[in-house]
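Here is the structure we will look at, set down as structure tokens.
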Amino acid sequence: MSLKIVIIGGGSSYTPEILEGLIQRQSTFPVTEIVLVDVEAGKEKVDTICQLGKRMVEEAKVNIKLTWTLDRRSALQGADFVSTQIRVGGLNARAHDERIPLKHGLIGQETNGAGGIMKALRTIPVLMEVAKEMNELCPNAWMINFTNPAGMVTEALLNHSDHKKIIGVCNIPFNMRHSTAELLQVPPEQVLIQFIGLNHFVFGDKIFVGGEDRTEEVFQKLLQKEFDYSPANIMPLEWSETFMKSTKLLPNPYHQYYFQSETVLKKDLKAYEENGTRAEVVQELEESLFELYKQESLRNKPKELEQRGGAFYSQVACSLMDSIYNNKEDIQTVNTWNHGTIPDLPYDAVIEANCVITKNGPKPISIGGIPAPMRGMIQNMKAMEELVIKASISGDYQDAYNAFLVNPLIQDEKKAKKVLDELLEAHKAYLPQFMRV
Ligand code: G6P
Ligand code: MN
């Protein structure tokens, strides 16, 4: 039997991770073919990754056919799973997303605030094309989307494309669960964090280990700084006792942009003026990673990859594909349709939730409504996301402006216009829908 995986954005420096994951899972998830797809600009990178991948396959003595192509349509034929990990406009576009808001005194971040909105506007139309092609060429294949902003992208595709086998993923819930397990010295499979919210805006409600409520203990240890679950791209900031005791919620690392915004802005402005924002750090990191990947002697995923914020994303992707393929019915945290799971959010909204993973996809588990302290915030974020999705399709200036206005990291009406105008200009090559209007 054949089992074919297509990786769109295969030239990403993250790819050796997912290749490693697929190689290691051969006994339960017997992949026979992997095709890496990229665009002209990524040709050299995808070739380097493919050569490294072949050495990894050889080293592991497994039987997987690995190739790369720029022809997405031919790659999609007969695919069983399609992982999407693209960056429209590359890291230069990310630098604009970070630097232009900062120039105006606003937080500039890849998936939050003005930068996150712009990334969605560039990305959604491209992935809509991919979904359309999947529906035609591999209608039974699942799309596992990592492309940020993963929640918005997943909602746009589920609600506006004909292909419905789409799941959005992120390493944040995975990291939170695994660090909690480490902290409590128990196997990660035993830890259940009840997540509630949206991608990069998800909270942990209660924490259970083997059915026992250990929330209090985890909060205590977090306050005593005994653990930290920040990925490499986010500065580890502490949460105060008052925040934890009042909200009774476990924040995710991205919440610092909203609830510790002054501190974050100060730090980011310093980077903006001095040694560069995250995009520029990642640009350098990528260069050295690719130097390493080119070395013939390298036959495994290098440790250096852990300097990227998305490290361990492959474990999320591979466990998900494995569970769908084997109808495992285990619990994983993914982005999928709400469909009544959280009654405080629209029925067709996409949420990040614990789901039972079946061969027919993820089935979200309801834990009831959103706790009062964060109900309004999450509803507002979802309304903002809805506006972004609308704008990404319509290419309408007013739709985009509305999204900027209600985003908690922008709000000021004059700044909203100034920053939006500047970003639209900087990204015009990647926003054909806005240029046509
Ligand atoms: C986190 C997020 C990912 C994001 C990554 C950025 O892990 O969950 O969605 O892509 O950080 O990392 P980078 O190394 O690109 O700054
Ligand atoms: Mn993420």
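Residue numbers run from 1 in the order of the sequence given. When a ligand or atom number is given, it counts from 1 through the structure's own listing order. Below, all heavy atoms of this structure are taken into account, side chains as well, without hydrogens, waters or symmetry copies.
Of the protein's heavy atoms, N148 ND2, 3.5 Å lies nearest to atom 4 (C) of ligand 1. Scanning all protein heavy atoms for the shortest distance to atom 6 (C) of ligand 1 gives N233 ND2, 3.5 Å. Annotation: atom 8 (O) of ligand 1 to nearest protein heavy atom, N171 OD1, 2.6 Å.
Side-chain N/O atoms of Q411 and N407 include no donor and acceptor closer than 3.5 Å. Side chains of Q332 and S323: a donor-acceptor N/O pair is present below 3.5 angstrom, by distance only. Under 3.5 Å, the side chains of E352 and T336 contain no donor-acceptor pair of N or O atoms. Y401 and D421 share no donor-acceptor pair across their side chains, judged by distance under 3.5 Å alone. A donor and an acceptor atom, one from each side chain of N360 and T358, are nowhere located under 3.5 Å apart. Side chains of T111 and N148: no donor on one and acceptor on the other come within 3.5 Å.
Distances shorter than 4.0 angstrom do not occur between any heavy atom of F174 and any atom of ligand 1. At least one heavy atom of E110 sits less than 4.0 Å from an atom of ligand 1. Ligand 1 lies nowhere less than 4.0 angstrom from a heavy atom belonging to A232.
Residue H200 has at least one heavy-atom neighbour below 4.0 Å for each of these atoms of ligand 1: 2 (C), 8 (O), 9 (O). Listed by number with element, the atoms of ligand 1 under 4.0 angstrom from any heavy atom of R308 are 13 (P), 14 (O), 15 (O). Against a heavy-atom cut-off of under 4.0 Å, C170 is close to the following atoms of ligand 1: 8 (O). Less than 4.0 angstrom separates some heavy atom of I172 from each of these atoms of ligand 1: 8 (O). Of all atoms in ligand 1, listed by their number and element, those nearer than 4.0 Å to a heavy atom of G310 are 5 (C), 7 (O), 11 (O), 12 (O).
Salt bridge annotation for E110-R278: absent, with no cationic side-chain nitrogen under 4.0 angstrom from a carboxylate oxygen. Taking the charged nitrogens against the carboxylate oxygens, R308 and E17 have no contact shorter than 4.0 Å, which rules out a salt bridge. Salt bridge status for D97 with K119: absent, with no side-chain N to carboxylate O gap under 4.0 Å. Salt-bridge formation is detected for the pair E306/K303: a Lys NZ or Arg NE/NH1/NH2 atom is positioned less than 4.0 Å from an Asp or Glu carboxylate oxygen.
In this structure, the separation between CG on L222 and CE on M244 is 5.0 Å, given to the nearest 0.5 Å.
At a heavy-atom cutoff of 4.0 Å, ligand 1 is contacted by the side chain of R94 but not by its backbone. For Q307, no heavy-atom contact with ligand 1 is shorter than 4.0 Å. At a heavy-atom distance under 4.0 Å, only side-chain atoms of R278, from C-beta outward, approach ligand 1.
When G309, A279, S230, P253 are checked for heavy-atom proximity to atom 7 (O) of ligand 1, G309 turns out nearest. The heavy atom nearest to atom 1 (C) of ligand 1, out of those in Y313, F146, Y14, Y254, is found in Y254.
Between SG of C170 and NE2 of H200, the angle at the Mn ion (ligand 2) works out to 100°, rounded to 10 degrees.
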